[in-house]
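Have a look at the structure below before the remarks.
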Amino acid sequence: MRFDAITLFPEMFDAVLDSGITRRALDRGIYRFQAWNPRDFTDDPHRTVDDRPYGGGPGMLMQAEPLDRVLNAVQRDVAADNLVSWVVHFSPRGRPLDHQRVMELKDAAISENRALVLLCGRYEGIDERLLQRRVDEEISLGDFVLSGGELPALALMDALIRQLPGALNDADSAVEDSFANGLLDCPHYTRPEVWQGMAVPDVLTSGNHAAIAQWRLQQSLTITAAQRPDLLARRGLSRQEQNYLDSLSKDANRE
Ligand code: 9WO
């Protein structure tokens, strides 16, 4: 898969390229990455990419023209690879990202020969006309404001790259199952068996694999019901799972 980032801070992308699973996947040739700096597509000596907002107000905006030029260059380079650009802009006004959308973006990139072009805003934002003309999709990571679109772009890359075939080893892959089942993760423990007076739950040292699997599912159900009832509502519950949660609330009422 191919990623291209349009950014005034290309070095921020070293965070994904230089460490961990995402670095190993790059070494394995599972994806490619190129950063493009809009400053390289200006023609004034100051390499200006920003200007003041019409109508007044604080701060500066990214001008349309340097971004249009860099997008044209990216598109040409992407076409030479027999791919088409899918331009994503990161903004709190976008569609909230979740696991399902990550999988859809990955599948569409593969089946429709897409390069993901990550348009990263800075300052107070980007001239609306450029967004209207060139952006295919706006994505939000949540209702908060950052200093730029780079961190959301990095988060999307990380989430997507780990889903690409061959990116995870068998040891890592099991971890994926926890979100694939639509529940939050269960608690985890490692050595020592007692730490600062706190013991590991007995079932995990029992060697009873069926009991361990049941305990983990019940923990996931309990945590998801408490922290994210919206996830449970969307996923639905089996009869057995519903009975378990009902038994918990009866216990709680007896206290
Ligand atoms: C900022 C903003 C604040 C309130 C309502 C809408 C808004 N849009 C933007 C915006 O697009 N900002 C640009 C990108 C320029 C300034 C830095 N940017 C940004 C992206 N800040 N925060 C994000 C972001 C992106 C995805 N998910 C959460 C936050």
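Counting starts at 1 for both ligands and their atoms, following the listed order.
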Can you find an N or O of Ile139 that's nearer than 3.5 Å to an N or O of ligand 1?
no
Could you list the atoms of ligand 1 found under 4.0 angstrom from a heavy atom of Glu124?
15 (C)
What is the closest protein heavy atom to atom 23 (C) of ligand 1, and at what distance does it sit?
Pro92 CD, 3.8 Å
Quick look: Ser91 vs ligand 1, heavy-atom contacts under 4.0 Å, and the answer is both
Min over Ala153, Ser147, Gly142, Gly149 of heavy-atom distance to atom 28 (C) of ligand 1 lands on Gly142
State, to 0.1 Å, how close Thr224 and Leu184 come at their nearest heavy-atom pair, and which atoms those are.
OG1-N, 2.9 Å
Residue and atom name of the nearest protein heavy atom (relative to atom 29 (C) of ligand 1), distance in Å to one decimal
Phe144 O, 3.2 Å
Top protein contact for atom 22 (N) of ligand 1, by heavy-atom distance:
Leu146 N, 3.0 Å
Do Asn72 and Arg134 get their side chains close enough for a donor-acceptor pair, meaning under 3.5 Å?
yes
Taking 4.0 angstrom as the limit, do Asp40 and Arg47 come out as a salt bridge?
yes
Can you confirm, on distance only, whether ligand 1 has an N/O atom lying under 3.5 Å from any N/O atom belonging to Leu141?
yes
Salt-bridge criterion met for Glu128 and Arg93 (N-O under 4.0 Å):
yes
Short version for Cys120: what comes under 4.0 Å of ligand 1, heavy atoms counted, is neither
